[in-house]
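Data first, discussion second: the structure below is written as structure tokens.
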Amino acid sequence: MANAVMAIQVLPKADSTKEMLRLVDVAIAEIDASGLSYEVSAFETTVEGDLDDLIKLLHKIQISVTESGAASISNYIKLSYAPEAIF
């Protein structure tokens with residue numbers, strides 16, 4: 001049951017725009033691999049799922065992007081949670 005919606009913007013520290021976009025693609029691949037419902041837009045990606053799964057996904061994104069070469073990452077996250085609601 002989806003009880004949460006998260007919008008995440010991933011901004012990895014990179015030496016070039018090309019490298020930054022490559023690292024953002026790593027984050028999107030991690031979201032895709034999660035199996036959760038998501039939509040990529042120009043400024044952020046919106047993901048629906050269980051709150052626990054979304055929090056685990058945040059951790060996986062951080063690890064995969066830094067292991068792919070980012071020295072650091074800034075994330076801008078919006079989270080809506082309703083324990084009894086289905087989004």
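- Between Ile8 atom CD1 and Leu58 atom CG the span is 5.0 Å, to the nearest 0.5 Å.
- Both Tyr81 and Leu54 are assigned to one and the same hydrophobic cluster, defined by single-linkage of ILVMFWY side chains at heavy-atom distances under 4.5 Å.
- Listed by first and then second residue, the side chain to side chain donor-acceptor pair (under 3.5 Å) pairs involving residues 5-21 are Glu19-Arg22 (not counting sequence neighbours).
- Smallest separation of non-hydrogen atoms from Ser68 and Leu23: O-CD2, 3.6 Å.
- In this structure, Ile55 is a member of the same hydrophobic cluster as Val10, with clusters built from ILVMFWY side-chain heavy atoms closer than 4.5 Å.
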Between Leu11 and Asn75, is the side-chain contact (heavy atoms from CB on, under 4.5 Å) condition met? List the steps. CA-CA 6 Å; Leu11 297 172; Asn75 295 278; over 6 Å; no
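- Between Thr45 and Val47 there is a side-chain heavy-atom pair separated by less than 4.5 Å.
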Test log, rule side-chain contact (heavy atoms from CB on, under 4.5 Å), inputs Met6 and Ile77: CA-CA 7 Å; Met6 172 180 71; Ile77 300 164; 3.8 Å; yes
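- Grouping Ile, Leu, Val, Met, Phe, Trp and Tyr by side-chain contacts under 4.5 Å, direct or through others, leaves Phe43 on its own.
- Asp53 has its side chain out of reach of Leu57: every pair of non-hydrogen atoms, C-beta onward, lies at least 4.5 Å apart.
- With Asn3 contributing its side chain and Leu51 its backbone, the two residues share a donor-acceptor pair below 3.5 Å.
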Please output the side-chain donor-acceptor pairs of residues 27-41 that fall under 3.5 Å, not counting sequence neighbours, one pair per line with the distance.
residue	atom	partner	partner atom	Å
Glu30	OE1	Ser64	OG	3.3
Asp32	OD1	Tyr38	OH	2.7
Ser34	OG	Ile31	O	2.5
Ser34	OG	Leu36	N	3.1
Ser41	OG	Glu44	O	2.7

